[in-house]
2 protein chains.
Amino acid sequence: MNPPTAERLQTPQACLPRELVASPVFLLGRLGYGVKTQAMAAFEEAGFSAYHYSVLALLDEGVRETQATIADTLRLDRSQLVGLLDGLEERGLVERRRDLNDRRRHVVSLTALGKRQLAVFRKLVQRIEEEILAPLDADERATLHDLLVRLARHRDPSLVPPELSASA
Amino acid sequence: MNPPTAERLQTPQACLPRELVASPVFLLGRLGYGVKTQAMAAFEEAGFSAYHYSVLALLDEGVRETQATIADTLRLDRSQLVGLLDGLEERGLVERRRDLNDRRRHVVSLTALGKRQLAVFRKLVQRIEEEILAPLDADERATLHDLLVRLARHRDPSLVPPELSASA
DNA sequence: TATTGTTATACTCTATAACTATA
DNA sequence: TATAGTTATAGAGTATAACAATA
């Protein structure tokens, strides 16, 4: 294993190669990973997964969703979603009902309790965002968001809703 | 398993919840993950790992490095680094020599062949960057880089060398 | 006893496959 | 036969632990 902490603290030149840090893509990758990890840990600490939040957020946008469409929209594996929904259902945050037109399908919907939990999640997310974006002012955050949206849309046009171009 | 591709193509509303896309942190996480995956795959295709590149890039910056310092600098586990160096050494890209002052240590250095391979890697990286950053012009790329550096430094001040503040 | 590099083990995540019930 | 949801299995990647040589 690596030395606990002592080693890392006393080395003053622990900074990464300039060649890597000079690359926006490298920074994007590393920062993205770190940010994701931090967010996941925060949700974990609250007894949930970050995926739980994304499911609730999707369900809150109105459309009655079936498990397949939820999984596809969130780019999750359908078998992965099963466990997430199990967790949410156990706590009464979502409901699964058989689709009467096609009894293979489950229609998933948000409960009142789920809506309240979503509000809690939003506060958590806001806290995390504030922590991560602390060094940037409002204008800079908007700029960052705009740049990221354009990169994301370039990779997968279907990912970002069209009306979200340069908003904050 | 998920349906191969057919399903996904015919669904027009496959875009993510607005609530998530509106968040810079969410975009950062998702984009970072995708970008990292893409870069790793490109290196894999070339018969290497992206970590191989980062090791060579570090060694090229001059300082004679020992395995512990390499691992710490790149934030890799020391046991992970062993395998990476094995791969690089087998192909004659780096050399491991015992440190005569402290025979526990290995001093790792770049060979002439390693320098040439590094040049190849740099072209590969350039190609990947161009692909990912395509939608942004030079100014925008510099802006993005500056914003990311500031976020990265905020998370870990030791990560980014001080003189890399607002350069491209 | 502590540290360097190394090897071995365990664990988490995810991707794939297999199964059921419906169509 | 194909699809929706579910369960089970396997593989990659990573973290942790154990080890031999040297200090």
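Throughout, a chain's letter reflects where its sequence line sits, starting with A, and its residues are numbered from 1.
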To the nearest angstrom, the CG-C1' distance between B:Asp72 and C:dT4 comes to 12 Å
Discussion item. Is A:Arg96 close enough to D:dT6 that one of its side-chain N or O atoms is under 4.0 Å from OP1 or OP2 there?
Written reply: yes
In whole angstroms, the gap separating C1' of D:dA8 from CG of A:Asp77 amounts to 13 Å
At less than 4.0 Å, is any side-chain N or O atom of B:Arg104 found next to OP1 or OP2 of C:dT3? Yes or no.
no
B:Leu85 CG to C:dT7 P, in whole Å, measures 12 Å
Below 4.0 Å: OP1/OP2 of C:dT14 and any side-chain N or O of A:Tyr51: yes
Rounded to whole Å, the CD-C1' distance (A:Glu89 to D:dT6) equals 13 Å
Which of D:dT16, D:dT6, D:dT14 is nearest the side chain of B:Gln80? It is D:dT14
message = Less than 6.0 angstrom from the centroid, inside 45 degrees of the normal: does A:Arg91 satisfy that with respect to the ring of A:Phe48?
response = yes
When rounded to whole Å, the CG to P distance for the pair B:Leu76 and D:dT14 reads 9 Å
Do other residues, nucleotides or ligands put more than 12 heavy atoms under 6.0 Å from B:Gln126 CD? no
* Has A:Gln67 got a side-chain N or O lying under 4.0 Å from the OP1 or OP2 atom of D:dA4? -> no
Judged by nearest nucleotide, the residue sitting upstream toward the 5' end of DNA chain D, A:Asp102 or B:Asn101, is A:Asp102
query: For the residue pair B:Phe43 and B:Tyr53, is the inter-centroid distance of their aromatic rings smaller than 6.0 Å?
result: yes
Open item on the list: For A:Leu133, is there any backbone N or O sitting under 3.5 Å from a side-chain donor or acceptor partner on A:Arg141?
Closed with: yes
note: B:His106, atom NE2; D:dA23, atom C1'; distance rounded to Å ~ 15 Å
Checking D:dG5, C:dT6, D:dA2 against the side chain of A:Arg105 (C-beta onward), the nearest is D:dG5
To the nearest angstrom, the CG-P distance between A:Leu81 and C:dC13 comes to 17 Å
B:Asp86 atom CG is separated from C:dA8 atom C1', nearest whole Å, by 15 Å
Comparing nearest nucleotides in DNA chain C, the 5'-proximal residue of the pair A:Arg103, B:Tyr33 is B:Tyr33
Ranking C:dA8, D:dT6, C:dG5 by distance to the side chain of A:Ser79, first place goes to D:dT6
Sequence neighbours excluded, the answer for salt bridge (charged side-chain N to carboxylate O under 4.0 Å, His left out) partners of A:Arg97 is A:Glu95
Does D:dA4 have OP1 or OP2 sitting under 4.0 Å from an N or O in the side chain of A:Arg78?
-> yes
